[in-house]
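Written below as structure tokens is the structure these notes are about.
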Amino acid sequence: MAADYTLYLVADADFVSGRDLLGLVKEAVAGGVTVVQLRAKSLPGRAFVELGSEIARALAGTGVPLLINDRVDVAVACGAAGAHLGQEDMPVRPARSLLGPAGTIGVSVNTPEEARRAELEGADYVGAGPAFATATKATELPVLGPDGIGRIKRAVRIPVVAIGGIGPGNAAALAGAGADGIAVVSAILGAPNARQAADALRQAFRR
């Protein structure tokens, strides 16, 4: 069954800085999150696997897949559904050989050309961004806006998930541009109530 990318939470362990990430993920899923990606740039490998395994167990039976940022080895070790790769990470083909044919692989892109290459190499979806300016992740990439997201969507047949600076106020513009989903960090993890924030985002993206 194809994944539902409507509301994609990037669960960034560094962003929450000591707060209960597992609890936030559970609340976000209850509010309508459809995919969870675990990002933990500063965690050692063992701790990353332990956290990933904990979240994977919590998501079991919910229908919400867990993807691991960058680390294909961690994805395999914790039984995640797949991995999300940046332009400087492991290429799609060797990642596929490790994850197997059923594993989900996403690739971060900023241009239609990068998106087409990811699709040709066998990616299941692309994360296109930054859709809007964001302070959550440092980047020198040009902001795409709805028009840029639309150009990437038209370049490929696989799902396109917009990421970067997204909130309830601009989610509808991305839906109108053709995005298959929106990915967020701070809009959920930085909100007073993760469940309500997820619900608001999902409702906004439907409009």
Side-chain angles (χ1 to χ4, degrees), residues 1-12 25 28-29 32-39 52 55-56 59 62-72 74-76 80-132 134 137 139 141 144 146 148-166 171 173-185 187-188 198 201-202 205-206:
M1 186 175 69
D4 176 1
Y5 295 100
T6 302
L7 184 53
Y8 184 128
L9 172 64
V10 180
D12 191 324
V25 167
V29 169
V33 159
T34 57
V35 177
V36 174
Q37 178 199 135
L38 176 58
R39 185 163 74 194
I55 293 176
L59 294 178
T62 65
V64 175
L66 172 64
L67 306 178
I68 300 296
N69 180 266
D70 296 354
R71 296 286 299 274
V72 177
V74 172
V76 172
H84 184 88
L85 307 170
Q87 288 294 315
E88 305 303 319
D89 296 328
M90 180 184 292
V92 173
R93 290 191 178 101
R96 174 68 67 201
S97 69
L98 293 169
L99 290 166
T104 298
I105 299 176
V107 176
S108 295
V109 303
N110 180 251
T111 66
E113 292 75 23
E114 289 177 348
R116 281 192 287 266
R117 183 169 64 247
E119 182 177 41
L120 285 170
E121 291 177 353
D124 296 289
Y125 75 94
V126 293
F132 302 103
T134 175
K137 185 178 181 182
T139 179
L141 295 172
L144 294 169
I149 296 295
R151 284 192 292 273
I152 289 174
K153 176 61 183 175
R154 291 189 294 274
V156 295
R157 295 179 299 276
I158 57 177
V160 174
V161 180
I163 185 169
I166 300 169
L174 298 172
D180 296 280
I182 50 174
V184 301
V185 182
I188 290 178
L201 282 161
R202 186 157 180 155
F205 186 68
R206 283 177 178 159

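Checking side-chain atoms of Ser108 against main-chain N and O of Gly127 turns up no donor-acceptor pair under 3.5 Å.
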In residues 173-183, what donor-acceptor pairs under 3.5 Å come from side-chain atoms, sequence neighbours left out?
from: Asp180; atom 1: OD1; to: Lys153; atom 2: NZ; distance (Å): 3.3
from: Asp180; atom 1: OD2; to: Lys153; atom 2: NZ; distance (Å): 2.7
from: Asp180; atom 1: OD2; to: Val160; atom 2: N; distance (Å): 2.8

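Minimum interatomic distance between Val33 and Ala198 (heavy atoms only, all atoms of both residues): CG2-CB, 4.1 Å. Heavy-atom minimum distance, Val92 versus Ala123: CG1-N, 3.8 Å. Taking every heavy atom of both residues into account, Val36 and Ala11 meet most closely at CG1-CB, 4.1 Å. Here the closest heavy-atom approach between residue Val126 and residue Ala118 is recorded as CG1-CB, 3.9 Å. Nearest heavy-atom pair across Asn110 and Glu114 is N-OE1, 2.7 Å. Nearest heavy atom pair, residue Ala128 against residue Ile152, reads CB-CD1, 3.8 Å.
Leu9 is not listed as a side-chain neighbour of Val29, based on a closest heavy-atom distance of 4.5 Å or more. Inter-residue side-chain proximity for Val25 and Leu38 is flagged as unmet; no heavy-atom pair is nearer than 4.5 Å. Within the 4.5 Å cutoff, the side chain of Ile105 has no heavy atoms near those of the Glu121 side chain. Contact of the Thr34 side chain with the Arg202 side chain is registered, since non-hydrogen atoms from C-beta on lie closer than 4.5 Å. Within the 4.5 Å cutoff, the side chain of Pro112 has no heavy atoms near those of the Val156 side chain.
Residues that satisfy the salt bridge (Lys or Arg N to Asp or Glu O under 4.0 Å) test with Glu113, not counting sequence neighbours, are Arg116. Evaluation of the side-chain contact (heavy atoms from CB on, under 4.5 Å) rule for Ala187 yields Val184, Leu201 as partners, not counting sequence neighbours. Checked against side-chain contact (heavy atoms from CB on, under 4.5 Å), Ala81 has the following partners two or more places apart in sequence or in another chain: Pro65, Leu67. In this structure, the side-chain hydrogen bond (donor to acceptor under 3.5 Å, both in side chains) partners of Gln87, at least two apart in sequence or on a different chain, are Arg117. Among residues two or more places apart in sequence or in another chain, the side-chain hydrogen bond (donor to acceptor under 3.5 Å, both in side chains) test is passed with Thr6 by Asp4. Arg151 meets the salt bridge (Lys or Arg N to Asp or Glu O under 4.0 Å) test with no other residue; sequence neighbours excluded.
Contacts classified as ring-ring contact (aromatic ring centres under 6.0 Å, His included) and involving residues 86-128 (residues at least two apart or in different chains) are given here: Tyr5-Tyr125, Tyr8-Tyr125, His84-Tyr125. Applying the salt bridge (Lys or Arg N to Asp or Glu O under 4.0 Å) rule to pairs touching residues 85-96 yields Arg96-Asp124, sequence neighbours excluded.
Rounding to the nearest 0.5 Å places CG of Leu66 at 9.0 Å from CD of Gln37. Atom CD1 of Ile188 and atom CG of Asp12 lie 13.0 Å apart (nearest 0.5 Å).
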Exercise for the section: Could you check Ile163 against Thr134 for side-chain contact (heavy atoms from CB on, under 4.5 Å), going step by step and ending with a plain yes or no? Expected result: CA-CA 9 Å; Ile163 185 169; Thr134 175; over 6 Å; no

